[in-house]
Amino acid sequence: MSEKKSFHMVLFFFSLFVGIATASCTQTGGDFWISQKDLKAYVEKKGDTLLLMDVREVHEFQKTHIPGSVNVPLSYLGSHGDRVAELLRAKDDVKEVLLICNTHNRSRKAREILMQKGVTQQIRVLEMGVSGYTKAVFSP
């Protein structure tokens with residue numbers, strides 16, 4: 001491979017890496033974390049414009065979940081992310097999506113997938129997920 005071609009390949013992969021890292025770590029509108037202590041007020045403030053999306057597996061969701069949340073497992077999102085993103089884009093009344101898992105690791109991955117698929121809503125992650133929720137003072 002020529003030196004010029006090699007340089008262009010390195011430049012291409014560097015640009016790709018920087019673009020992916022930027023897309024996964026930032027979002028217009030500021031910080032994407034919602035803390036447990038702010039959860040109740042946040043849900044009340046956003047009302048029907050907020051979609052609570054639990055990305056844990058079905059059996060985890062059935063065991064316990066935050067009232068009002070819908071279950072879209074990360075495993076499903078990984079293989080059907082385009083379809084989920086399409087459905088979300090069609091929901092004009094939903095302005096924000098709050099992702100929930102057990103701690104917050106899967107929610108962060110789900111956020112990256114949805115952003116890469118072009119979801120237009122603000123996407124936030126609940127800090128410490130359901131494990132933190134069970135300890136939080138939040139009774140809907």
Side-chain angles (χ1 to χ4, degrees):
M1 187 182 310
S2 75
E3 199 172 300
K4 185 176 181 181
K5 198 175 210 178
S6 181
F7 173 76
H8 287 292
M9 291 285 287
V10 169
L11 186 60
F12 169 76
F13 284 112
F14 177 76
S15 299
L16 183 63
F17 173 76
V18 169
I20 290 171
T22 302
S24 66
C25 296
T26 61
Q27 179 174 2
T28 320
D31 194 15
F32 62 88
W33 293 100
I34 297 298
S35 70
Q36 289 289 329
K37 68 180 178 89
D38 296 333
L39 177 61
K40 183 177 180 180
Y42 182 75
V43 170
E44 288 172 354
K45 178 183 174 189
K46 298 300 178 177
D48 292 338
T49 66
L50 176 66
L51 174 67
L52 300 173
M53 183 185 297
D54 192 317
V55 298
R56 296 174 303 142
E57 293 302 315
V58 174
H59 68 277
E60 294 173 286
F61 182 81
Q62 289 173 339
K63 207 179 221 182
T64 185
H65 61 272
I66 296 176
S69 59
V70 296
N71 186 217
V72 181
L74 181 62
S75 58
Y76 180 86
L77 196 56
S79 57
H80 296 87
D82 288 327
R83 179 71 179 133
V84 173
E86 179 183 326
L87 291 169
L88 284 172
R89 283 191 299 269
K91 297 285 293 170
D92 292 334
D93 55 333
V94 173
K95 304 297 181 203
E96 292 189 34
V97 178
L98 179 59
L99 298 171
I100 304 160
C101 64
N102 194 45
T103 56
H104 58 245
N105 295 321
R106 285 179 277 181
S107 294
R108 286 179 35 196
K109 290 177 186 170
R111 181 176 182 274
E112 290 176 14
I113 290 169
L114 292 173
M115 289 178 66
Q116 289 172 355
K117 300 297 181 183
V119 169
T120 55
Q121 288 91 345
Q122 183 81 358
I123 306 169
R124 299 192 185 274
V125 172
L126 178 61
E127 215 169 41
M128 294 313 297
V130 172
S131 66
Y133 165 78
T134 58
K135 299 170 193 158
V137 182
F138 175 63
S139 52

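- The side-chain hydrogen bond (donor to acceptor under 3.5 Å, both in side chains) contacts involving residues 71-81 comprise Glu57-Ser75, where partners must be two or more places apart or lie in separate chains.
- Scanning both residues, Gln121 and Leu88, for their nearest heavy atoms gives NE2-O, 2.6 Å.
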Discussion item. side-chain contact (heavy atoms from CB on, under 4.5 Å), that's the test. Do Asp54 and Ile66 meet it? Break it down for me.
Written reply: CA-CA 8 Å; Asp54 192 317; Ile66 296 176; over 6 Å; no
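- Annotation: side-chain contact (heavy atoms from CB on, under 4.5 Å) contacts of Lys46 (sequence neighbours excluded): Tyr42, Thr49, Leu50, Glu96.
- Once rounded to the nearest 0.5 Å, the distance linking CD of Glu127 with CD1 of Ile34 reads 9.0 Å.
- When atom types are taken as modelled, the side chain of Gln36 and the backbone of Gly129 share a donor-acceptor pair closer than 3.5 angstrom.
- When every heavy atom of Val94 is checked against every heavy atom of Leu51, the shortest pair comes out as CG1-CB, 3.8 Å.
- Each of Met128 and Leu126 belongs to its own hydrophobic cluster when Ile, Leu, Val, Met, Phe, Trp and Tyr are linked at side-chain heavy-atom distances under 4.5 angstrom.
- For Ile100 against Ser69, the heavy-atom pair with the smallest separation is CD1-CB, 4.3 Å.
- Among residues two or more places apart in sequence or in another chain, the side-chain contact (heavy atoms from CB on, under 4.5 Å) test is passed with Glu86 by Arg83, Arg89.
- Residues satisfying the salt bridge (charged side-chain N to carboxylate O under 4.0 Å, His left out) test with Asp48, not counting sequence neighbours, are none.
- Contact record, Leu52 with Pro67: CD1-O, 3.9 Å, taken as the closest heavy-atom pair.
- The side-chain contact (heavy atoms from CB on, under 4.5 Å) check on Lys117 picks up Asp82, Ala85, Ile113, with sequence neighbours excluded.
- Arg124 CZ to Arg111 CZ: the interatomic distance, rounded to the nearest 0.5 Å, is 9.0 Å.
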Worksheet entry | Check against side-chain contact (heavy atoms from CB on, under 4.5 Å), Leu77 and Leu114 | CA-CA 8 Å; Leu77 196 56; Leu114 292 173; 3.8 Å; yes
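- Following chains of ILVMFWY side-chain contacts shorter than 4.5 Å, one can reach Val130 starting from Leu39, so the two form part of one hydrophobic cluster.
- Distance alone, capped at 3.5 Å, places no donor-acceptor pair between the Arg108 side chain and the Val125 backbone.
- Considering OG1 of Thr103 and CZ of Arg56, their distance stands at 10.5 Å, rounded to 0.5 Å.
- Among pairs with a residue in residues 87-124, those fulfilling ring pair (Phe, Tyr, Trp, His ring centres under 6.0 Å) read Trp33-His104, at least two apart in sequence or across chains.
- Both Val55 and Val70 belong to a common hydrophobic cluster when Ile, Leu, Val, Met, Phe, Trp and Tyr are linked at side-chain heavy-atom distances under 4.5 angstrom.
- For the pair Cys101 and Ser107, the tightest heavy-atom approach, listed with the atom from each and the gap, is N-OG, 3.1 Å.
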